[in-house]
Amino acid sequence: MTDLLLAVGLVVAVFVGYNIGGSTTGPAFGPAVGADVISKAVAAALMSVFFFLGAWTIGRRVVDTLGTELVGDPGVFTLEASIVVLLFIGLALFVGNYAGVPASTSMTAVGSIAGLGVATGELEWAVMGEIVTWWIVAPVVGFWVSGVIGRYVYPTLNRWVALHSSEGPLMELDRSGAVPTPTRGPNTSDKELAGASIVIVIGCVMAFSSGTSNVANAIAPLVGSGELAMNPGIVIGSVAVAVGAFTIARRTLDTLGNDITDLPLTAAIVVATVSSAIVVALSLLGIPASFVVIATMSIIGLGWGRATRSVTVHEVRAGEEAPNVSVGALAADEPGESPPEMGEEDPADIPSASDLFDPTTTGRVVLMQNVVPLLSTIGAYATFSVLYAVWW
């Protein structure tokens, strides 16, 4: 009977990993796919490799937090309970992926495990409090770091890192030799090739950070039950993520690469770098982090910082002028142009946020970001409240 339950648990864990691959590939490689730098298949392959590297090196710390520390009594994490927890994680993430929205896998997983802990009275509130505290602090840090970059560094970066799209393919395969080799396209410039390389590298960094935080969401319950060892669990979870990256992730790649925003490439690089660094740092502490929430606040902070360049600090303190603060300020600079001097830009030249974001798609993303973790938390709590008297 135990072997059968373990087989069921592994199937559910694979289902969760599959949906993680669907929900995390979009944020990592959506900008690169949307800019036609790489194909969806190449994005999926890179996601698979770097997710595994992050999971194998740092991800086990987060597995320990969710699998052994968040719920006080190890006996609560029975194999049956683990299956139910994973089922609610997978179903909730599937709802988000079906809607084409990359949900927060960490919040969804923590919510499901917390539902078990509250229903059984075994939730470690100190650990939960530490996780929630970092969930609040991390987006604030992302906002302010990006805000400083937006005000003082972003325009210069935009001039250096601009990716100009030339006619024709970025890369081609030279089939003249025995083995096809990749070569630059006929119109690809050095600057375009450098910009494309940067956005791909940033996507790989994001995939690595996803592995450090998200592999736990697929395997932590089974590892916590003692029925699955850490290393085989990481391999199984990473393979499942790869399958999701090659299949259902196509929806989120479309949403993040084309539908939600016309976020400039330079801004995407800054947001990805800041957010990935914060996620990896939290993973080293064993804290599961929501990349999507941190990245959203990073975009807002970057736009806020860029918008405030229209006035100097002295003018604000003196009450002489107020900046036209808008996330749309990220679209104020044309790629490669020289940045305006601080305080010399006309605030009227700063676009509104609606020029950068599609309001309908953005609203759908924000809605699902809240709905998916709630589905997982409420579903797990209600189920374990009913089953508690039977199992314990």
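Heavy atoms only: backbone and side chains are in, while hydrogens, waters and symmetry mates are out.
When all heavy atoms of Val243 and Thr247 are compared, the pair lying nearest together is O-OG1, 2.7 Å. Residue Leu66 comes nearest to Ala216 through the heavy atom pair CD1-CB, 3.9 Å, listed as atom of the first residue, atom of the second, then distance. Trp135 approaches Pro288 most closely through the heavy-atom pair NE1-O, 2.8 Å. The two residues Gly9 and Ile83 have their closest heavy-atom pair at CA-CG1, 3.6 Å. Between Pro139 and Trp134 the shortest heavy-atom distance is CD-O, 4.1 Å. Annotation for Ala272 and Met206: closest pair CB-SD, 3.1 Å, computed over non-hydrogen atoms.
Rounding to the nearest 0.5 angstrom, the gap separating the CD1 atom in Ile202 from the CZ atom in Phe29 is 10.5 Å. Between the CG atom of Leu284 and the CD1 atom of Ile58 there is a distance of 4.5 Å, given to the nearest 0.5 Å. Ile113 contributes atom CD1, which lies 10.5 Å from atom OG1 of Thr377 (distance to the nearest 0.5 angstrom). Atom CG in Leu91 sits 11.5 Å away from atom OG1 in Thr108 (nearest 0.5 Å). We find the CG-SG distance between Leu46 and Cys204 to be 4.5 Å, quoted to the nearest 0.5 Å. Ile89 CD1 to Ile20 CD1: the interatomic distance, rounded to the nearest 0.5 Å, is 7.5 Å.
Taking hydrophobic clusters as Ile, Leu, Val, Met, Phe, Trp and Tyr residues chained together by side-chain heavy-atom distances below 4.5 Å, Val42 shares a cluster with Phe52. Met107 and Val132 fall within a single hydrophobic cluster, where Ile, Leu, Val, Met, Phe, Trp and Tyr are joined by side-chain heavy atoms under 4.5 Å apart, directly or via other members. Under a hydrophobic-cluster definition in which Ile, Leu, Val, Met, Phe, Trp and Tyr are linked whenever side-chain heavy atoms come within less than 4.5 Å, directly or via other members, Leu87 and Leu79 are assigned to the same cluster. Residues Leu285 and Val279 share a hydrophobic cluster, clusters being chains of Ile/Leu/Val/Met/Phe/Trp/Tyr side chains in contact below 4.5 Å. The hydrophobic cluster containing Val270 also contains Val148, counting ILVMFWY residues as joined when their side-chain heavy atoms lie under 4.5 angstrom apart, directly or transitively.
Sorted by first then second residue, the side-chain hydrogen bond (donor to acceptor under 3.5 Å, both in side chains) pairs that include residues 208-224, not counting sequence neighbours, are Thr105-Asn214, Thr105-Asn217, Ser106-Ser213, Ser106-Asn214, Ser210-Asn214, Thr212-Ser283, Asn214-Asn217. Among pairs with a residue in residues 50-72, those fulfilling side-chain hydrogen bond (donor to acceptor under 3.5 Å, both in side chains) read Arg60-Asn231, at least two apart in sequence or across chains.
The side-chain heavy atoms of Val215 and Val62, taken from C-beta on, include no pair separated by under 4.5 Å. Leu86 places none of its side-chain heavy atoms less than 4.5 Å from the side chain of Phe15. Within the 4.5 Å cutoff, no side-chain heavy atoms of Thr273 are placed close to those of Val205. Here the side chains of Ile278 and Val145 are not in contact, with every heavy-atom distance at 4.5 Å or above. Under the 4.5 Å side-chain criterion, counting only non-hydrogen atoms from C-beta, Ile219 is not in contact with Ile236. Side-chain contact between Val140 and Met297: absent, with no pair of heavy atoms (C-beta onward) separated by less than 4.5 Å. Glu122 is listed as a side-chain neighbour of Val71, based on a closest heavy-atom distance under 4.5 Å.
Looking at residues two or more places apart in sequence or on another chain, you find no ring-ring contact (aromatic ring centres under 6.0 Å, His included) involving Trp125. Legend: residues meeting side chain to side chain donor-acceptor pair (under 3.5 Å) with Ser82, ordered by chain and number and at least two apart, are absent. Evaluation of the side chain to side chain donor-acceptor pair (under 3.5 Å) rule for Ser112 yields no partner, not counting sequence neighbours. Residues that satisfy the side chain to side chain donor-acceptor pair (under 3.5 Å) test with Ser376, not counting sequence neighbours, are absent from this structure.
Other residues, nucleotides and ligands place no more than 12 heavy atoms under 6.0 Å from the OH atom of Tyr381.
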List the steps and the verdict of side chain to side chain contact (heavy atoms under 4.5 Å, CB included) for Leu10 and Leu228.
-> CA-CA 9 Å; Leu10 290 174; Leu228 180 65; 4.2 Å; yes
